[in-house]
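Heavy atoms only: backbone and side chains are in, while hydrogens, waters and symmetry mates are out. The sequence lines fix the lettering, A, B, ..., with proteins before strands; numbering per chain opens at 1.
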There are 2 protein chains.
Amino acid sequence: MLESEGSTEPLDNPLALESQICFALAVASRGVIGAYRSVLEPISLTHPQYLVMLALWQHEKLPMREIARLLRLEPATVSPLVKRLEALDYVTRTRSDSDERIVEVTLTDTGRELRKTAEAIPGTMMAKLGMDVDGVRELHAVMQKIIASVDAAAEAEG
Amino acid sequence: MLESEGSTEPLDNPLALESQICFALAVASRGVIGAYRSVLEPISLTHPQYLVMLALWQHEKLPMREIARLLRLEPATVSPLVKRLEALDYVTRTRSDSDERIVEVTLTDTGRELRKTAEAIPGTMMAKLGMDVDGVRELHAVMQKIIASVDAAAEAEG
DNA sequence: GAATATTACTTAGTGCCCTAATGGTTAGTG
DNA sequence: CACTAACCATTAGGGCACTAAGTAATATTC
């Protein structure tokens with residue numbers, strides 16, 4: 001009896017796997033990112049690379065710092081990630097003239113072209129996961145609350 | 001104008017970062033796992049290692065295969081993870097007598113002892129994230145729906 | 001104007017997560 | 001009985017995410 005899926009009372013044992021705040025969230029996140037894989041593979045993007053491209057399709061050109069802030073990642077994570085996008089010829093990296101500490105990331109023509117293909121992805125993913133616009137909005141609201149709690153906790157911790 | 005936090009209409013631009021099913025979920029998941037860090041650090045556990053320990057506190061002894069299934073991870077992910085737990089002297093790994101393909105993972109006395117300390121963690125985390133039992137239950141329900149959708153999509157894909 | 005602090009990015013190191021390939025072990029079939 | 005198929009665990013390799021430490025450029029302070 002190693003089944004755990006049938007539990008309807010997730011909190012009778014606080015140390016049960018199903019009772020953890022983190023577990024279902026982590027599984028769902030990994031699962032959804034995994035579901036993107038086959039959709040992103042044809043355009044040679046991983047999921048976080050796709051997120052960088054989304055940011056650039058919105059803003060055309062962004063400094064590294066801003067990409068990290070928008071994606072809520074450490075600069076040290078974004079740095080090699082953007083280098084791979086450069087290797088794919090989707091972006092270029094150039095030092096700013098006014099402040100040579102800053103590296104500006106800009107879409108190439110190839111990267112800009114890719115947007116047309118990418119426009120189908122949100123719809124594809126919603127269909128794939130059987131979600132509608134309201135479902136996405138609801139999920140977004142719940143996640144936003146969690147993120148706010150995490151931020152507050154991090155603030156309190158320093 | 002690089003702000004994105006103020007958006008109240010997440011779906012007016014389907015390619016906007018905030019409109020993605022994946023993005024808020026990934027940020028929330030990373031954030032919550034990050035919030036566990038300072039709580040797990042005193043007992044030398046990372047988050048996925050903690051999940052393995054939870055499974056073992058529930059079952060005392062599990063084959064590798066079963067840990068991977070319960071945690072929804074690939075066996076190749078669990079293998080080095082459990083080795084680190086063995087290095088910490090929290091678990092032992094022994095080949096099954098009846099089927100020598102199987103590696104049984106068992107709690108050591110140290111690992112069993114650790115449960116007492118760990119019993120405080122769920123409460124600590126709920127307090128830290130400002131959640132109550134109902135909040136956890138609600139989050140769990142929403143995540144369960146997502147996971148079911150992901151499973152259905154994976155099933156359809158083959 | 002020189003010393004100090006801050007900022008932007010990168011590198012190194014650890015761990016997680018996946019896919020693909022490998023090596024044993026068991027079970028099923030002619 | 002030998003052969004094949006299935007199964008379990010591991011290794012190898014790529015990418016992601018974090019922390020800590022390092023380099024270079026800009027700001028600040030005296």
Worksheet item: Which listed nucleotide (D/dT10, C/dG15, C/dC18) is nearest to the side chain of B/E74?
Response: C/dC18
Worksheet item: Does A/R37 or A/A76 map to a spot on DNA chain C nearer the 5' end, using the closest nucleotide for each?
Response: A/A76
Discussion item. Please determine whether a side-chain nitrogen of the Lys or Arg among B/E113 and B/K116 lies less than 4.0 Å from a carboxylate oxygen of the Asp or Glu.
Written reply: yes
Item to complete: Calculate the interatomic distance between A/L40 atom CG and C/dC18 atom P; express it in whole Å.
Response: 16 Å
Discussion item. For A/R69, is there an ion pair with A/E66 - N to carboxylate O distance below 4.0 angstrom?
Written reply: yes
Worksheet item: Which letters describe nucleotides 21-26 of chain D, given B = protein heavy atom under 4.0 Å from base, S = only from sugar-phosphate, - = neither?
Response: ----BS
Worksheet item: For B/T46 and C/dC16, is the shortest distance between a side-chain N/O and OP1 or OP2 below 4.0 Å?
Response: yes
Practice prompt. Remember a base hit wins even if backbone is also touched, and classify A/P48 as base, sugar-phosphate or nothing at under 4.0 Å, heavy atoms.
Written response: sugar-phosphate
Worksheet item: Quick one: is D/dC18 close enough that its OP1 or OP2 comes under 4.0 Å of any side-chain N or O from B/R30?
Response: yes
Item to complete: Determine: side-chain N/O of A/T77 to OP1/OP2 of D/dC18, distance under 4.0 Å, yes or no.
Response: yes
Worksheet item: Less than 4.5 Å apart, any side-chain heavy atom of A/Y36 and any of A/I121?
Response: yes
Fill in: Contact under 4.0 Å: A/K83 side-chain N or O vs C/dC9 OP1/OP2
no
Worksheet item: Are any of A/R69's side-chain N or O atoms less than 4.0 Å away from OP1 or OP2 of C/dA8?
Response: no
